[in-house]
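All chains are named by letter (A, B, ...) in the order of the sequence lines, taking the proteins before the strands, and each is independently numbered beginning at 1.
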Amino acid sequence: MSDSAMNEKYDPAAVEAKWQQGWAERGTNRVDLRTAPRPFYTLMMFPYPSAEGLHIGNVFAFTGADVFARFRRLQGFDVFEPFGFDAFGIHTENYALNVGANPAQLTPRSVANFRRQVRRVGLMLNWEHEVDTTSPEYYRWTQWIFVQLYKHGLAVRKKAPVNWCPACQTVLANEQVIDGFCERHGDTRVEQRLLEQWFFAITKYAQRLLDNLDWIDWSDTTKMAQRNWIGRSEGAEIDFALADDPTRRLRVFTTRPDTLFGATYMVLAPEHAWVESLTTLAQRPAVMAYRERTAKMDVVSRRAVKEKTGVFTGSDAINPATQERLPIWIADYVLAEYGTGAIMAVPAHDERDFEFAQVFGLPIRRVIANDGERADTPLAAGYAGPGRLVNSAQFDAMDAEQGKRAITEWLRAQGQGTARVQYRLHDWCVSRQRYWGPPIPMIYCDACGIVPVPEKDLPVLLPEVEDFRPNASGVAPLARVETFYRVACPQCGQMARRETDVSDTFLDSAWYFLRYPSAQRGDVAFDPELTKKWLPVDMYIGGNEHAVLHLLYSRFLTMALHELGLIPFEEPFKQFRAHGLIIKDGAKMSKSRGNVVSPDSYIEQYGADVFRLYMMFLGSYQEGGDFRDEGMTGVRRFLEGVWRVVREHEPKRDVAEVLLRATHKTIRKVGEDVEALRYNTAIAAMMTLLNDVKRHGPANRWVSEALVLMVAPFAPHIAEELWEAMGHATSIFDARWPAFDDAMTRDAVVELAVQVNGKVRGRIQVAADDAEDVVIAAALADSGVHAAIAGKPIKRRVVVPGRLVSLVV
RNA sequence: GCGAGAGUGGCGGAACUGGCAGACGCGCUGGACUUAGGAUCCAGUGGGCAACCGUGGGGGUUCGAGUCCCCCCUCUCGCACCA
């Protein structure tokens with residue numbers, strides 16, 4: 001090593017600029033997708049490019065994915081690490097509305113800014129496969145997928161309630177409704193409206209989406225969230241004949257058929273189709289008023305827990321078990337969209353029914369009791385726990401679980417009911433009465449009905465319009481653009497009308513990973529050969545805020561496309577790992593707290609390598625951590641130390657035995673940790689090795705190279721610079737992860753703690769392979785141990801190899 | 001309310017299937033080098049004079065518990081009238 005090189009100081013800005021340019025020029029990150037022998041596809045969640053620029057959370061997410069990708073690359077894989085922009089959607093549009101800009105003009109600027117910032121982080125990206133969901137080359141295929149789903153009956157049109165702001169004259173997303181009022185017109189109450197919308201039939205796949213969770217390799221927290229979201233319940237559907245017309249039977253869903261004898265009234269959702277026909281003349285005004293009131297209420301506050309309300313319809317049904325008359329009520333605590341939209345109410349064993357019965361003075365009859373409890377003990381609240389059936393005729397004394405099966409079977413035998421599985425998952429509403437999205441590729445013709453836009457006519461271009469704002473006309477922005485919606489029917493040629501809604505952003509992001517490998521193909525959505533070779537994605541790393549929507553939609557779409565024969569797999573991501581959340585100085589970053597920090601200034605001040613390394617060090621990657629400016633100092637010192645130690649190494653020298661062993665151990669530990677995304681402890685291990693080099697050094701070439709290779713995934717620029725300084729002409733990322741010798745990771749002599757009655761009384765040095773009695777003898781010979789035993793007989797001896805000896809006297 | 005996760009030094013955080021609590025880093029203290037340093041390097045650093053005590057609190061299992069079991073408290077994140 002020359003003197004000049006030795007004296008060179010670590011200058012992150014210079015090193016990083018040099019290598020970012022070097023990688024671009026050399027094409028270091030490029031991978032030939034057709035010929036690569038060991039494909040490995042890593043995916044990070046593509047960002048929505050906000051005008052505010054890159055957020056620390058983005059960089060944390062990207063860096064964690066990049067570390068893993070670079071690690072795989074060093075293991076010899078051909079790593080494909082693409083990037084793109086999820087630039088359509090309501091966020092961009094709302095921001096544009098706020099600043100008075102047009103999203104079509106604002107988005108390209110935001111994307112360019114994001115691209116600049118992302119480049120500065122030094123990710124191993126394949127920019128030649130970039131996608132942007134707002135480009136016609138991309139959304140052409142989003143629309144194409146829509147058409148494919150439509151042709152196979154998976155995209156359907158039906159009515160659904162939506163939030164409607166009378167002031168905006170437009171539909172709002174749930175997040176835009178604040179306590180029942182419009183986010184932009186604080187004094188305007190949001191209403192519920194029933195509109196025709198496009199839905200994707202995700203519920204058809206509910207069971208499969210659930211079943212596959214048993215085998216896909218995903219973070220448990222994510223799988224748990226999906227299970228809850230899909231919400232499978234087992235129960236029964238039961239028919240209740242109407243008292244006045246036994247030929248009509250009202251169907252309910254219940255998970256507690258065992259409590260059938262305790263049903264004392266029934267409740268319909270206000271929107272239930274039978275409400276009008278069941279309402280008697282006398283009750284009509286009250287029922288209609290109630291119905292109107294709930295219909296006006298916005299979707300969000302309707303769901304908020306509150307006092308029970310409801311109205312009696314005037315009609316009764318017959319309990320098939322007791323033959324009693326049950327009054328039929330309507331109440332908004334019963335939801336139209338779940339089960340059959342009607343319930344049998346068992347106040348004794350359901351909290352909500354109990355509350356309702358209390359308010360309206362309805363009878364409460366107990367049918368489940370614990371052993372030794374009297375069947376007529378009054379209840380203070382609905383009891384939903386286990387027990388035995390009481391007041392239930394021939395089913396008395398049966399365990400509740402057994403009773404569920406027995407009563408369902410008894411109902412089935414009489415044609416009054418049947419076992420049934422329900423899911424809380426709803427079909428995916430993809431219609432948005434908005435401007436900034438891909439137009440839904442459908443045409444309505446008076447003669448032919450719904451006609452999909454022929455594939456040759458795709459994309460349906462989103463017209464650039466001045467007037468993209470929602471306004472008083474009361475319809476989607478595109479419905480005001482006559483040149484857009486007036487179109488000839490593709491089937492009959494008659495004048496027809498285009499769909500003027502755009503599709504949900506989540507549709508754009510539900511398939512982007514399928515597009516990346518084929519991003520350069522203009523003629524197909526996904527090249528069959530590339531898709532087969534690269535997909536499913538090997539490792540997907542992203543935030544758990546997308547656990548249910550994005551990740552579930554992606555799984556659904558993949559399943560659907562698989563069933564349509566378009567792709568050869570049904571699960572999109574072999575592995576998914578959720579990273580944690582970054583907080584700042586102990587609190588969540590938010591504008592109102594004023595603790596939002598931009599990655600730019602840190603990268604400016606410390607360099608990308610220090611910044612990356614710190615983010616990976618500040619806490620557990622999968623749990624998140626606390627970002628504190630002071631923490632940056634430690635990792636900066638570490639990189640400076642690596643710089644110095646590597647530059648001062650003595651190429652041919654034999655290193656001390658301890659250092660040699662320490663290096664083998666570190667290689668093993670860092671490899672295992674990175675594999676499991678335990679980045680913080682991997683870095684701690686490297687710091688320990690650096691301390692060892694300082695103490696027992698200098699390092700030789702092998703130790704230096706190992707250290708630099710291990711640092712490389714985290715701090716790629718400095719690693720390249722040092723690699724080059726060591727005389728390598730090619731990129732460090734074309735080198736191989738260092739190998740360790742297993743024997744060298746195990747110490748021949750180990751120190752054991754010796755406990756007497758649970759307290760450490762001495763320490764002994766023994767050979768790792770010493771027999772138990774040898775170890776015990778050594779333990780007894782220790783003076784501290786000897787004193788603690790004080791001549792008492794030893795009742796018990798435990799030897800844990802490599803750990804400790806425990807003696808009981 | 002339901003579901004999931006977490007409470008460990010002054011701080012961020014380690015601790016594999018129960019096995020020497022506090023790795024690693026920040027900060028702090030002392031020292032070295034310096035005209036000087038908020039630069040760098042070295043050493044020390046849970047509490048207590050000690051026996052000992054220490055992982056939110058209280059019980060328990062065990063030779064041994066941060067880790068397992070029961071009860072309670074606090075916080076974070078999801079979902080929220082799903083029958």
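A:Glu355 and A:Tyr333 share no donor-acceptor pair across their side chains, judged by distance under 3.5 Å alone. Using modelled atom types and a 3.5 Å distance limit, the side chains of A:Thr745 and A:Arg668 yield a donor-acceptor pair. Inspection of the A:Thr309 and A:Tyr290 side chains reveals an N or O donor paired with an N or O acceptor under 3.5 Å. A:Thr222 and A:Asn544 share a donor-acceptor pair across their side chains, judged by distance under 3.5 Å alone. Side-chain N/O atoms of A:Asp673 and A:Thr681 include a donor and acceptor closer than 3.5 Å.
One P atom belongs to B:G12, the other to B:G56, and the distance between them is 14 Å to the nearest Å. Of the P atoms belonging to B:A65 and B:U76, the separation is 32 Å, rounded to the nearest Å. Between B:G5 and B:G38, the two P atoms lie 47 Å apart (nearest whole Å). Here the separation of B:C72 from B:C77, taken at their C1' atoms, is 22 Å to the nearest Å. Rounded to a whole angstrom, the distance from the P atom of B:C75 to that of B:C81 is 23 Å. When the P atom is used for both B:C24 and B:A15, the distance is 13 Å, rounded to whole Å. Spacing between B:G7 and B:G19 at atom P, rounded to whole Å, works out to 16 Å. Nucleotides B:G9 and B:C26 place their C1' atoms 13 Å apart, quoted to the nearest Å.
At least one donor-acceptor pair under 3.5 Å links the side chain of A:Arg612 to the backbone N or O of A:Pro713. A:Thr254 places a side-chain N or O within donor-acceptor distance of the main-chain N or O of A:Arg256, the cut-off being under 3.5 Å.
Rounding to whole angstrom units, CD of residue A:Gln622 and C1' of B:A4 are separated by 15 Å. Protein atom OH of A:Tyr423 is 22 Å distant from nucleotide atom P of B:C79, rounded to whole Å. Atom C1' of nucleotide B:G78 and atom NE2 of A:His550 are separated by 17 Å, given to the nearest angstrom. To the nearest angstrom, C1' of B:A15 lies 12 Å from CG of A:Asp673. The distance from atom CD1 of A:Ile583 to atom C1' of B:G5 is 14 Å, rounded to the nearest whole Å. Distance CG (A:Leu581) to C1' (B:A4): 15 Å, rounded to an integer number of Å. Atom CD in A:Glu545 sits roughly 11 Å away from atom P in B:C79 (whole-Å rounding). Atom-to-atom, NZ of A:Lys308 to C1' of B:A83 comes out at 11 Å; the value is rounded to the nearest Å.
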| remark: Given protein heavy atoms under 4.0 Å, the one-letter contact record of nucleotides 18-30 of chain B, with B base, S sugar-phosphate only and - none, is simply -BB--BBSSS---

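Residues A:Arg644 and A:Asn757 each lie close to RNA chain B; by heavy-atom proximity, the contact nearer the 5' end of the strand is made by A:Arg644. Taking the nucleotide of RNA chain B with the nearest heavy atom to each of A:Met224 and A:Gly624, the more 5' of the two is matched to A:Met224.
Across all strands shown, A:Arg796 has heavy atoms under 4.0 Å from base atoms, whether or not it also approaches the sugar-phosphate. Counting any heavy atom pair closer than 4.0 Å across all strands shown, A:Gly625 reaches sugar-phosphate atoms only and no base atom. No engagement by A:Lys669 is indicated, since no non-hydrogen atom pair under 4.0 Å with the nucleic acid exists.
A close approach under 4.0 Å does occur between a side-chain nitrogen or oxygen of A:Arg761 and OP1 or OP2 of B:C52. Under 4.0 angstrom from either OP1 or OP2 of B:A83 there lies at least one side-chain N or O belonging to A:Tyr338. The shortest distance between the side-chain N/O atoms of A:Lys759 and the OP1/OP2 oxygens of B:C52 is not below 4.0 Å.
Base pairing of B:G37 is not made with any nucleotide, judged by Watson-Crick or G-U wobble geometry with both donor-acceptor distances under 3.5 Å. Base pairing analysis places B:G64 opposite nothing; no Watson-Crick or G-U wobble pair with both distances below 3.5 Å involves it. Partner assigned to B:G18 is none, using Watson-Crick or G-U wobble distances below 3.5 angstrom. Across the strands present, B:C75 finds its partner in B:G5; the criterion is a Watson-Crick or G-U wobble pair with both atom distances under 3.5 angstrom. In a base pair of the Watson-Crick type (N1 to N3 plus N6-O4 or O6-N4) or a G-U wobble (N1-O2 and O6-N3), with each distance short of 3.5 Å, B:U29 is matched with B:A43.
By the rule that a glycosidic angle within 90° of 0 means syn, B:G30 does not qualify and counts as anti.
Using a 4.5 Å cut-off on side-chain heavy atoms (C-beta onward), A:Ser620 and A:Tyr679 make no contact.
Side-chain proximity of A:Arg636 to B:A83, B:U40, B:A14: nearest is B:U40. Counting only heavy atoms from C-beta on, A:Arg424 has its side chain closest to B:C79 among B:A4, B:C81, B:C79.
Looking at every heavy atom in both residues, A:Arg251 comes nearest to A:Ala342 through O-CB, 3.8 Å.
On a pure distance criterion of 3.5 Å, no polar donor-acceptor pair joins the side chain of A:Lys694 and the base of B:C41.
Annotation: the span from A:Leu613 atom CG to A:Asn680 atom CG amounts to 11.0 Å, rounded to 0.5 Å.
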